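Residue numbers begin at 1 in each chain, while the letters A, B, ... track the order of the sequences. A quick note: this is a predicted structure, and the numbers were derived from the prediction, not measured.
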Number of protein chains: 2
Amino acid sequence: MTDKQSGETLTRNQTLVLEALSAAETAMTAYALLDVLRDSGLRAPPQVYRALERLRALGLVHRIESLNAFVACCHPDHDHAPATIFAICEDCGTVSEIENEAIAGRLETVAGEADFKLSRSAIELKGQCGDCTAK
Amino acid sequence: MTDKQSGETLTRNQTLVLEALSAAETAMTAYALLDVLRDSGLRAPPQVYRALERLRALGLVHRIESLNAFVACCHPDHDHAPATIFAICEDCGTVSEIENEAIAGRLETVAGEADFKLSRSAIELKGQCGDCTAK
DNA sequence: ATAACGGATGTTATATCATAACGCGATGCG
DNA sequence: CGCATCGCGTTATGATATAACATCCGTTAT
Ligand SMILES: [Zn+2]
Ligand SMILES: [Zn+2]
Ligand SMILES: [Zn+2]
Ligand SMILES: [Zn+2]
């Protein structure tokens, strides 16, 4: 176990993708990332998708299912609750990550009542963020 | 106002798509629907997507974001809670629709606390259904 | 009646999102 | 060395979704 790349350190491509995502205001599609990173040497979709896959496994990036797009985790340091909630502004596109134990627990209960063995969940809210409501 | 197609009745294509979806055990993609309905006269994706769009507006069909696929609503008669939950079995693919007022309310609260004006939400649970757990 | 309109439809082409499959080069290990 | 593993680059293709345009057909206004 030489730790060449066995768990912690990010490769060049992974770092590029994570930095691009972190710098973005909104969720980005894989192709948007590719466009942005073309000058940094990325040339083809698999390079981006592979980096995203790894970053997701590390919990540094989340996929927003309803947008087919990706965001950097806003608190990669601590572990996630079993149910993370994403609030997506339909006006400006910003995505906020919300943790809520109560809802996570309630979802577990509801799943149990339906005789469903829950492994993971995606909760995506659409609406208007505070900034856009104020406008 | 002859009610030619002004709100209630479904057109031929819409009926075909809804029937195919209702008959399906699992969620179906638009292209799967197209394959199934080719013998009934559907020839191109826009015909399916247009029918799906209308059926969704009528509340007869739901889109499962994490699958890029669609299901027939299992209780099209009564109105939906603001937050419908879909439990998706990763073994057999069945999708169950769950209504839960408590979670819907809780989501409203959480959104409010985050200063987010909620318009609609997608909650998708992945795991194992009762039948598959029993196996 | 007939012209104008709106809505559903059919069709072609294209945009957008995602992965399969192959080969290469560096690294670690027997 | 001989071999396995891993990241990487590249090409090609698959899967999902929509733009754009032409047509048809009942309704409605003139
Ligand atoms: Zn996170
Ligand atoms: Zn906003
Ligand atoms: Zn429903
Ligand atoms: Zn199952």
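Within the 4.5 Å cutoff, the side chain of A:Gln14 has no heavy atoms near those of the A:Arg50 side chain. Between B:Asp131 and B:Thr94, every side-chain heavy-atom pair lies at or beyond the 4.5 Å cut-off.
The side chain of A:Gln47 places no N or O atom within less than 4.0 Å of a non-bridging phosphate oxygen (OP1 or OP2) of D:dC8.
The CD-P distance, from A:Gln14 to D:dG7, rounds to 7 Å in whole Å. When rounded to the nearest whole Å, the span between CG of A:Leu10 and C1' of D:dC8 equals 16 Å. As rounded to whole Å, 15 Å separates atom P of C:dA8 from atom CG of B:Leu52. Here the C1' atom of nucleotide D:dC8 and the CD atom of A:Glu53 are 14 Å apart, to the nearest Å. Rounded to whole Å, the distance from CG on A:Leu16 to C1' on D:dG7 is 14 Å. Atom CZ in B:Arg12 sits roughly 9 Å away from atom P in C:dT9 (whole-Å rounding).
Nucleotides of DNA chain C nearest to B:Pro45 and B:Asn13 differ in position, and the one nearer the 5' end is that of B:Asn13.
Residues of residues 37-44 of chain B having a heavy atom closer than 4.0 Å to DNA chain C, listed by number: B:Arg43, B:Ala44.
Closest non-hydrogen pair, A:Asn13 versus A:Ala51, comes out as O-CB, 4.0 Å. The minimum heavy-atom distance linking A:Lys117 with B:Thr133 is given by the pair CB-OG1, 4.2 Å. Minimum interatomic distance between A:Leu21 and A:Val71 (heavy atoms only, all atoms of both residues): CD1-C, 3.9 Å. Closest non-hydrogen pair, A:Ala30 versus A:Val48, comes out as O-CG1, 3.6 Å. Contact detail for A:Leu118 and B:Lys126: the closest heavy-atom pair is CD1-O, 3.6 Å. The two atoms that bring B:Cys89 and A:Phe116 nearest to each other are N-CE1, 3.9 Å, heavy atoms only.
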Would you tabulate the pairs of protein nitrogen or oxygen atoms and nucleotide nitrogen or oxygen atoms of nucleotides 21-24 of chain C closer than 3.5 angstrom?
none

Anything under 3.5 Å between a protein N or O and an N or O of nucleotides 14-17 of chain C, put it in a table, one pair a line.
none

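Ring geometry, A:His62 versus A:His80: the interplanar angle exceeds 60°, so the pair is classed perpendicular (tilted spans 30 to 60°).
Counting only distance, with no hydrogens or angles, the side chain of B:Glu19 and the backbone of B:Leu16 share no donor-acceptor pair below 3.5 Å.
For the pair B:Glu65 and B:Arg63, the salt-bridge criterion is met [side-chain N within less than 4.0 Å of a carboxylate O].
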